[in-house]
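As structure tokens, the structure follows; a few thoughts come after it.
Numbered from 1 within each chain, the chains take letters A, B, ... in sequence-line order.
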Number of protein chains: 2
Amino acid sequence: MKGIRRLAQDLNISIGTVSRALNGRSDVSEDTRRRVLEAAAEMGYVPNQAGRSLRQGSTNAIGFMIELGADINSNSDTFFMGVFDGVQSVLTRHHLDLVALPCPTDENPSVYLQRMIGRRLVDGLIISATHRKDSRIDLLTKARIPFIALGRSMTSGDYPWIDLDFDGVARRGIDRLVAAGHSRIAAAVPSNDINLGFVFLDGYKAALKRHGLPLDPALIMRVPSSELGGYQLGRDILAMKDRPTAIILNYELLALGIYRQLAEAGLQPGRDLAIVGFRENPVSRFMSPRLTCFRVSLRDLGIALGESLLATMPAYAEAYPLGMVQRIWPMELVPGESDVG
Amino acid sequence: MKGIRRLAQDLNISIGTVSRALNGRSDVSEDTRRRVLEAAAEMGYVPNQAGRSLRQGSTNAIGFMIELGADINSNSDTFFMGVFDGVQSVLTRHHLDLVALPCPTDENPSVYLQRMIGRRLVDGLIISATHRKDSRIDLLTKARIPFIALGRSMTSGDYPWIDLDFDGVARRGIDRLVAAGHSRIAAAVPSNDINLGFVFLDGYKAALKRHGLPLDPALIMRVPSSELGGYQLGRDILAMKDRPTAIILNYELLALGIYRQLAEAGLQPGRDLAIVGFRENPVSRFMSPRLTCFRVSLRDLGIALGESLLATMPAYAEAYPLGMVQRIWPMELVPGESDVG
DNA sequence: TGTAGCGTCGTAAACGTTTACGGTAACGAG
DNA sequence: CTCGTTACCGTAAACGTTTACGACGCTACA
């Protein structure tokens with residue numbers, strides 16, 4: 001005898017009553033509820049999730065899919081840890097738990113996602129590292145699984161998303177550099193088809209136009225989103241005949257590689273090449289000269305993701321009357337010395 | 001009509017046969033198996049996990065618990081992502097999936113773990129960031145859940161673990177520094193009760209003794225495991241009246257803070273303070289002078305964790321005759337210029 | 001022809017919950 | 001006393017699988 005049956009037997013009441021007591025139904029006397037809760041706590045009873053899921057058709061869990069291949073190189077895991085914490089803080093209010101679903105590098109993300117959906121082990125999903133065209137979005141809408149994307153996509157159809165303000169970052173970065181007298185400003189964008197690169201690039205182009213600066217295709221530099229990519233980027237820049245005097249980055253660790261490359265060439269960030277970095281992170285705070293970059297509260301971002309996801313789920317929506325969230329998440333400029341000589 | 005019932009109806013065979021066909025049983029003709037697999041693929045049928053779990057008493061999933069509070073500060077960056085990838089690569093061979101369970105900062109890890117165990121949403125668990133006394137180990141052994149710990153603990157009882165070679169790192173670090181002529185060598189250890197700090201410290205003490213060097217308690221410096229802790233550590237060292245000439249670190253991002261602190265004081269790592277770092281990571285490769293540190297293949301570590309965990313699970317043990325794994329994971333020295341002036 | 005064996009399949013129970021439904025006792029109002 | 005109402009609780013079905021068991025048809029061999 002196990003589980004709720006055991007509990008009921010010990011207390012000499014029916015399993016139905018035990019279940020009602022545990023789930024906070026009203027049609028159970030306060031006295032028996034107390035006895036049930038006590039007994040449950042004592043014997044360490046936790047409802048079997050498989051049983052619940054099967055009966056209720058819901059799992060009380062939310063999934064956060066991360067792509068080990070893409071995310072490793074477009075974020076670091078302090079990024080996700082921070083976001084996780086925020087999401088979880090929202091979910092616990094509703095007795096939901098967060099599970100992270102790491103899609104291995106050698107598996108197709110859509111196939112992986114489809115398997116996870118089919119398994120039905122989460123009630124809702126957060127996906128990240130959205131690509132330019134992301135078939136996962138179609139998959140999720142077709143399967144009618146509540147979800148939200150961390151990142152926009154060009155995939156058609158309306159769906160909820162929250163995305164960092166890549167456009168604003170590009171704009172403000174250019175503004176700062178132009179104000180400092182620069183006119184040949186390069187932009188680093190990822191070499192894969194992650195959507196954020198396109199948004200960033202659009203912002204870059206618009207900002208140049210607004211300042212009346214010409215767009216030189218040679219200054220749009222595609223590199224892998226990694227510190228190694230930054231190193232390579234630095235070398236490419238130094239090798240150019242008509243070298244830019246400034247550059248804006250769209251991935252947080254690129255700056256490391258450039259710093260190193262400049263150091264090896266006896267050059268100095270800020271004086272010999274103005275650099276505007278991307279996300280402030282534990283590393284950027286300890287670079288010298290200090291990197292000009294943009295701050296974002298990961299926890300708040302996670303909270304927003306959690307709340308916006310719940311807003312799309314009928315069972316929780318009344319607590320979050322947000323509708324379909326499509327929101328650009330602001331980033332705060334953190335001035336450093338890397339962009340002013 | 002949904003799920004397997006629908007599939008069976010479409011094919012005009014019983015659900016039992018469909019199930020057997022899908023699960024690769026022998027008592028089903030090759031012809032019907034083919035038809036079933038085709039139909040399943042076409043309609044995108046994936047077995048409902050709740051149903052399977054309930055019937056089989058297993059979930060086909062392995063959990064990897066990470067402590068958002070502790071792990072953020074005892075590991076960083078791509079550490080977990082790399083390990084996840086290795087673990088998953090083992091699990092997929094057995095149709096198991098990996099789910100990461102992020103314990104929020106504001107929840108007690110043992111309580112969280114107990115809830116996860118009770119929910120029965122994983123068949124086995126990997127825990128990390130083991131503390132000196134870690135009640136999670138008692139919990140898991142008592143509940144008879146297969147598990148393995150990434151990190152040793154002083155908790156009594158035999159249980160499987162794999163741990164980085166903190167002892168060897170301390171020993172080899174000291175050896176190098178002594179060979180370079182240093183005799184006042186400090187050690188940085190974490191200020192919390194994560195077990196790795198104690199192992200590291202033991203290695204440090206043993207190495208000093210072997211070289212006939214005195215143990216100065218003032219040189220054992222406890223700091224938070226973060227880059228900020230490194231900054232603080234650098235300040236503390238510079239403020240000492242009888243300053244050490246070298247230091248070994250046991251957390252990978254400490255070096256960043258020290259570098260910064262030295263730079264602000266006009267000093268240089270390697271020349272003014274010899275530094276032996278901990279784990280080689282994307283950041284350490286781009287510091288200058290290059291940090292002397294230790295390399296570990298995260299993917300291989302993940303593979304070992306996965307295999308060792310499966311070895312403890314009756315259903316998979318025959319493929320991995322490893323017994324109870326208790327293994328110290330070697331780290332390879334990567335010489336830099338931060339410890340030799 | 002009888003029967004043993006084999007290959008293939010259908011039947012139905014079981015896993016641990018939740019919940020619709022009905023039933024009982026107590027109580028108050030008429 | 002009767003009847004309706006309320007508060008509480010038990011019963012049993014249902015969720016979607018897997019699997020033990022038995023049944024059936026066929027072949028092979030005595």
Gap between atoms [atom1] and [atom2], on [X] and [N] respectively (whole Å):
X: B:Asn60; N: D:dT17; atom1: CG; atom2: C1'; answer: 12 Å
X: B:Arg55; N: D:dA14; atom1: CZ; atom2: C1'; answer: 17 Å
X: B:Arg119; N: C:dC15; atom1: CZ; atom2: P; answer: 23 Å
X: A:Ile4; N: D:dA12; atom1: CD1; atom2: P; answer: 17 Å
X: B:His95; N: D:dT17; atom1: NE2; atom2: P; answer: 17 Å
X: A:Leu121; N: D:dT17; atom1: CG; atom2: P; answer: 15 Å
X: B:Arg25; N: D:dT17; atom1: CZ; atom2: P; answer: 16 Å
X: B:Leu7; N: C:dC9; atom1: CG; atom2: P; answer: 14 Å

### Query
Cut-off 3.5 Å, side chains only: do B:Asn195 and B:Thr130 have a donor facing an acceptor?
no
[X] side chain: which of [options] is closest?
X: B:Gln56; options: D:dT19, C:dG10, C:dT19; result: D:dT19
X: B:Ser14; options: C:dC15, D:dG10, C:dG10; result: C:dG10
X: B:Leu54; options: D:dC15, C:dC15, C:dT17; result: C:dC15

### Message
If you assign A:Thr32 and A:Ile15 each to the DNA chain D nucleotide with the nearest heavy atom, which residue ends up on the more 5' nucleotide?
### Response
A:Thr32
Confirm from the modelled atom types if [X] and [N] form a donor-acceptor pair under 3.5 Å, side chain to base only.
X: B:Arg20; N: C:dG10; answer: yes
X: B:Arg6; N: D:dG16; answer: no
X: B:Arg52; N: D:dT17; answer: no

Phosphate-side-chain proximity, [X] and [N], N/O vs OP1/OP2 below 4.0 Å:
X: A:Asn23; N: C:dT18; result: yes
X: B:Tyr45; N: D:dG16; result: no
X: B:Ser26; N: C:dG7; result: no

Determine the contact category for [X]: base if any of its heavy atoms lies under 4.0 Å from a base atom, sugar-phosphate if only primed atoms, P, OP1 or OP2 are that close, otherwise nothing.
X: A:Ser19; answer: base
X: B:Asp27; answer: base
X: B:Arg5; answer: base
X: A:Gly16; answer: base

### Task
Evaluate the ring planes of A:Phe80 and A:Phe64, with Trp represented by its six-membered ring, and classify them as parallel (under 30°), tilted (30 to 60°) or perpendicular (over 60°).
perpendicular
### Message
Working note: A:Arg136 + A:Asp134, criterion salt bridge (charged side-chain N to carboxylate O under 4.0 Å, His left out); need CA distance, chi angles, decisive distance, verdict.
### Response
CA-CA 5 Å; A:Arg136 295 179 298 170; A:Asp134 204 313; 2.9 Å; yes
### Donor-acceptor under 3.5 Å (B:Asp85 side chain, A:Pro104 main chain)
no
### Query
What heavy-atom pair brings A:Leu54 and B:Ala50 nearest, and what distance separates the two atoms?
N-CB, 3.8 Å
### Message
Salt bridge check, B:Arg34 against B:Glu38: does any charged N sit closer than 4.0 Å to a carboxylate O?
### Response
yes
